[in-house]
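A quick note: this is a predicted structure, and the numbers were derived from the prediction, not measured.
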Amino acid sequence: MPTPLDREKKPTSVKIHVKNGTGVDITWADGHASHYEFAYLRDECPCATCNDAREKKAALGDVPSPFQSSPALPMFKPKPRAQAATVVGNYAVQLSFTMSFHRHLQLRPPP
């Protein structure tokens, strides 16, 4: 049986700024406000696919690549943009990013 959520730890306001691309703003019941950029949410995704990709990138990090950018001319990396946000159950939001990437954001209090 799932543990019931403490009312004091629930968000009182969640704003997902899909159109202007500024990220997610959450206000918690204790008054604390959190802001998360879409780039942060996408880069820190804990799913198995993303963890595997990060591990492979770290393992190949020391191997020189002909396509590796120099510090003077870094490769352009487009900022991830959310295309849509959908409520999932009672405590999560699914963000659909550009490049067919999906991320579930659980609305739990910060540590």
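In this structure, the side chain of Thr12 engages the main chain of Thr27 through a donor-acceptor pair within 3.5 Å. His17 contributes no side-chain N or O that, together with a main-chain N or O of Asp25, makes up a donor-acceptor pair within less than 3.5 Å.
Taken from OG1 in Thr22 to NZ in Lys15, the straight-line distance is 10.5 Å, to the nearest 0.5 Å. Note: Asn51 CG to Arg54 CZ = 4.5 Å, rounded to the nearest 0.5 Å.
Taking every heavy atom of both residues into account, Ala85 and Val18 meet most closely at CB-CG2, 4.1 Å. Contact detail for Phe38 and Gly23: the closest heavy-atom pair is CE1-N, 3.5 Å.
Connection of Val14 to Val87 is not established within any shared hydrophobic cluster, with ILVMFWY side chains joined at heavy-atom distances below 4.5 Å, either directly or through further cluster members.
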